[in-house]
Each structure stands twice: as structure tokens, then as C-alpha cells.
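For reference, positions follow the sequence shown, starting with 1.
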Amino acid sequence: MRTVSENRCFGGVQGVYTHASEATGTDMTFGLFLPAEAADHPVPLLWYLSGLTCTHENAMTKAGAQRYAAEHGIALVFPDTSPRGEGVADDAAYDLGQGAGFYLNATEAPWAPHFRMWDYVAEELPRILTASFEIDEDRQAITGHSMGGHGALTLALSLPGRFRSVSAFAPIANPVASDWGRKQFAAYLGPDETLWRAHDASILMAERGFDGEVLVDQGASDQFLDLLKPETLAHAMAARRQPGAFRLQQGYDHSYYFVSTFIPDHIAFHAEALYR
């Protein structure tokens with residue numbers, strides 16, 4: 001692993017690191033904020049998964065999350081959204097290929113050799129973090145924005161016991177019924193739509209629920225509401241009587257102004273679960 005940068009931040013350290021990934025067969029870069037407490041003992045970890053077109057850097061520089069993570073003594077990890085580099089398949093559209101990994105393992109050409117973001121986020125990067133930094137592997141939570149909200153929810157719903165809490169900002173909530181999902185699932189997973197269901201948060205919520213609390217914030221003025229389909233997830237949560245909250249925030253759109261407004265609530269929500 002190579003250190004790209006380390007900067008003092010709210011008493012802790014905001015680092016950026018690059019490593020060779022077995023999961024993707026490429027070099028991968030991630031951001032990691034460690035609070036001051038990590039100098040003395042392992043600390044809880046909150047995953048932040050970013051959305052379409054993003055790298056590890058977007059949330060790291062725009063969400064304003066480090067201040068609140070430092071207050072609660074929580075580490076933050078910001079993975080990239082896809083494999084990158086020479087020889088990695090891509091597409092001219094912004095919502096497919098590099099920057100649009102959708103947090104799944106692709107099975108179709110030309111994506112299958114490198115687009116294994118599920119294995120990377122669920123298996124490989126957690127091992128690297130706990131082996132290399134003062135991270136408490138038994139206290140983890142997960143959040144994300146847009147495509148990253150989709151990833152956070154599907155990972156949490158599919159890996160019982162892994163995360164103590166899950167939250168999402170404007171997640172792609174019902175991708176099997178949206179152009180932000182059907183297009184990508186057909187490309188990455190092929191035409192068998194039964195395989196897509198394992199990556200739809202609304203379906204997983206209806207079938208399994210989450211063994212903890214859930215927090216979802218959605219901007220009521222989000223320009224992508226028709227693609228996100230938040231009502232499907234809200235109905236699934238209500239029908240299952242899932243503990244948690246789905247909040248529709250009047251006047252907010254899909255931007256990082258929205259995320260940065262409500263990130264203090266989300267970090268406090270996760271801190272309560274991580275320290276319970």
C-alpha cells in the first residue's frame with residue numbers, strides 16, 4: 001500500500017492510499033479519516049459509498065463529515081466507485097463503466113474481469129483496513145449517496161451482522177424498475193432479471209429487512225426523483241415495520257449541499273449504534 005497524502009484534520013488524519021487490488025485486478029485508491037483516538041486504540045468505522053461519476057475524493061472534500069466523525073471518535077472510509085486504469089472497460093455514458101460500478105460483481109463481458117466492487121467493498125478493503133490501521137472490525141456502519149446509497153443499503157441488507165446501522169442520502173432505491181439500474185444490471189449481470197433482485201434495496205427490504213436501525217434522507221426537490229424511486233423503499237420499510245426513519249426534506253436537491261446539511265444527523269445516528 002502506498003500513501004498518497006496524509007493531512008492533519010480536526011485533530012486526526014485524513015489520508016489517501018493506493019493499493020493493488022486482487023478483487024478488481026487494478027490499483028484502487030481510497031480515503032481514510034482517522035480521529036485522534038486512533039493513536040491510542042482501535043476505533044469504530046463508518047463506510048461512505050459515493051455516487052455516479054464520483055471518485056474517493058468527492059465526499060472526502062465536499063460532505064464535511066470529518067468534523068462530526070472527530071467529535072464522535074469514528075473513522076471514515078471513502079472507497080472509489082469503480083476500478084480504473086488502462087485496460088479497464090469503460091463507456092461514453094456517465095452512468096456506465098468507470099465511475100459507475102454499482103457495487104456489484106459483473107458477470108458479463110467486457111465488465112467481468114475488473115468490475116467486482118461487491119467483493120472489493122465487502123471483503124478485500126475491510127481486511128486491508130483492519131490489518132493496516134487501528135480499526136475495530138466489530139463496530140462498523142455504512143452510509144452512501146445516490147448510487148452509493150444503493151450500495152450501502154444492499155450491502156447492509158445482504159450481510160446480516162456486518163453493520164450495526166445503515167443510512168442513505170437519496171439512494172437509487174428501486175433500480176430494477178429504473179433507468180438507473182436496468183441499463184447497468186443488463187450490462188453487468190446479463191438479461192436474467194431474477195439476478196438483478198439481489199441488488200435492489202426495496203426488494204431486499206421487503207424480503208429481509210435490516211437487523212438494526214435505518215435512516216434515509218431524500219430531498220423533495222431532487223431532480224432525479226423519477227430515477228431514484230424513493231416511494232418504493234418507503235413503502236417497503238413501512239410494510240415490514242422496519243425500525244428507523246425515512247425523511248423527505250423539503251426544498252433539497254441531489255447535490256452535496258443536501259448531503260452536507262444532513263451529514264451531522266447521520267453520523268450521530270451511526271455513533272449511537274456504534275457505541276451502544
Side-chain angles (χ1 to χ4, degrees), residues 3-18 28-35 45-84 94-95 98-103 117 120-121 125 129 141-153 155 165-173 180 215-225 227-228 230 247-271:
T3 299
V4 177
S5 62
E6 289 183 333
N7 297 95
R8 197 72 171 161
C9 183
F10 292 103
V13 175
Q14 175 62 64
V16 177
Y17 308 92
T18 296
M28 294 293 292
T29 300
F30 65 91
L32 178 68
F33 170 75
L34 289 172
L45 176 66
L46 175 60
W47 292 76
Y48 185 103
L49 305 186
S50 291
L52 289 167
T53 74
C54 292
T55 69
H56 68 281
E57 194 173 24
N58 295 72
M60 192 179 80
T61 58
K62 293 181 179 180
Q66 292 91 340
R67 170 185 174 184
Y68 306 102
E71 290 176 1
H72 292 285
I74 294 172
L76 292 168
V77 62
F78 306 95
D80 203 347
T81 56
S82 77
R84 302 177 191 273
Y94 74 94
D95 58 355
Q98 296 185 36
F102 267 77
Y103 303 101
M117 290 301 294
Y120 178 69
V121 173
L125 187 52
L129 292 173
I142 192 166
T143 188
H145 173 229
S146 193
M147 181 185 70
H150 143 79
L153 289 165
L155 283 157
S165 51
V166 59
S167 72
F169 299 87
I172 302 174
W180 275 0
L215 173 61
V216 178
D217 272 314
Q218 172 63 61
S221 297
D222 194 314
Q223 60 270 45
F224 302 115
L225 279 175
L227 292 165
L228 301 171
R247 309 191 304 190
L248 197 61
Q249 302 291 1
Q250 187 66 34
Y252 286 89
D253 59 15
H254 199 71
S255 70
Y256 265 93
Y257 296 110
F258 159 65
V259 173
S260 62
T261 299
F262 297 103
I263 198 75
D265 291 358
H266 284 243
I267 292 178
F269 164 78
H270 291 296

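Scanning all heavy atoms of the two residues, the minimum distance from Pro171 to Gly149 falls at CB-C, 3.7 Å. Heavy atoms only, all atoms of each residue included: Ala268 and His72 are closest at CA-NE2, 3.9 Å. In plain terms, the two heavy atoms of Pro79 and Phe30 that are nearest each other are CA-CB, 4.1 Å. Counting all heavy atoms, side chain and backbone alike, Thr18 lies closest to Thr29 at OG1-OG1, 3.0 Å. Ile263 approaches Ala65 most closely through the heavy-atom pair CG1-CB, 3.9 Å. Between Ala152 and Val166, the shortest heavy-atom distance links the atoms O-CG2, 3.6 Å.
Note: Gln98 CD to Thr55 OG1 = 12.0 Å, rounded to the nearest 0.5 Å. Considering NE2 of His266 and OG of Ser165, their distance stands at 11.0 Å, rounded to 0.5 Å. One distance of note links NE2 of His270 with CG of Asp265; it measures 11.0 Å at 0.5 Å rounding. Atom OG of residue Ser50 and atom CD of residue Glu57 lie 10.5 Å apart, to the nearest 0.5 angstrom. The OG atom of Ser146 lies 7.5 Å from the CG atom of Asp222; values are rounded to the nearest 0.5 Å. Between Leu76 atom CG and Tyr68 atom OH the span is 12.5 Å, to the nearest 0.5 Å.
By the ring-ring contact (aromatic ring centres under 6.0 Å, His included) test, Tyr256 is found to be paired with His145, residues two or more places apart in sequence or in another chain being considered.
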**Asked** Is there a side chain to side chain contact (heavy atoms under 4.5 Å, CB included) between Val259 and Lys62 once you walk through the steps?
**Response** CA-CA 9 Å; Val259 173; Lys62 293 181 179 180; over 6 Å; no
**Asked** Hey, mind stepping through Thr261 and Asp217 against side chain to side chain contact (heavy atoms under 4.5 Å, CB included) and telling me if it holds?
**Response** CA-CA 11 Å; Thr261 299; Asp217 272 314; over 6 Å; no
**Message:** Show, in sequence, the C-alpha distance, side-chain angles and deciding distance for Phe10 and Phe33, and conclude whether the ring-ring contact (aromatic ring centres under 6.0 Å, His included) test is met.
**Reply:** CA-CA 10 Å; Phe10 292 103; Phe33 170 75; 7.5 Å; no
**Leu129 vs Trp47, side chain to side chain contact (heavy atoms under 4.5 Å, CB included): CA-CA, chis, key distance, verdict** = CA-CA 11 Å; Leu129 292 173; Trp47 292 76; 3.9 Å; yes
**Asked** Between Met147 and Asp95, is a side chain to side chain contact (heavy atoms under 4.5 Å, CB included) present by the stated rule, with each step listed?
**Response** CA-CA 10 Å; Met147 181 185 70; Asp95 58 355; over 6 Å; no
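Looking only at distances, a side-chain donor or acceptor of His150 sits under 3.5 Å from a matching main-chain atom of Phe102. With Ser260 contributing its side chain and Gly64 its backbone, the two residues share no donor-acceptor pair below 3.5 Å. With hydrogens and angles ignored, the 3.5 Å screen pairs no side-chain donor or acceptor of Gln66 with any backbone N or O of Thr61. Checking side-chain atoms of Ser167 against main-chain N and O of Thr143 turns up no donor-acceptor pair under 3.5 Å.
Between His254 and Phe224, the ring-plane angle classifies as perpendicular under the 30° and 60° cut-offs. Under the 30°/60° scheme for interplanar angles, the aromatic rings of Phe258 and Phe169 are found to stand perpendicular.
In this structure the side chain of Thr81 never reaches within 4.5 angstrom of the side chain of Asn58, judged on heavy atoms. Side-chain contact between Met117 and Pro83: present, with at least one pair of heavy atoms (C-beta onward) separated by less than 4.5 Å. Considering only heavy atoms from C-beta on, Leu125 stays 4.5 Å or farther from Met28 through its side chain. Put simply, the side chain of Leu225 reaches to within 4.5 Å of the side chain of Pro230, judged on heavy atoms.
The environment of Arg247 atom CZ is dense: over 12 non-hydrogen atoms of other residues, nucleotides or ligands sit within 6.0 angstrom. A 6.0 Å sphere centred on OH of Tyr94 holds more than 12 heavy atoms belonging to other residues, nucleotides or ligands.
In summary, the side chains of Tyr17 and Glu6 do present a donor paired with an acceptor at a separation below 3.5 Å, with no hydrogens or angles considered.
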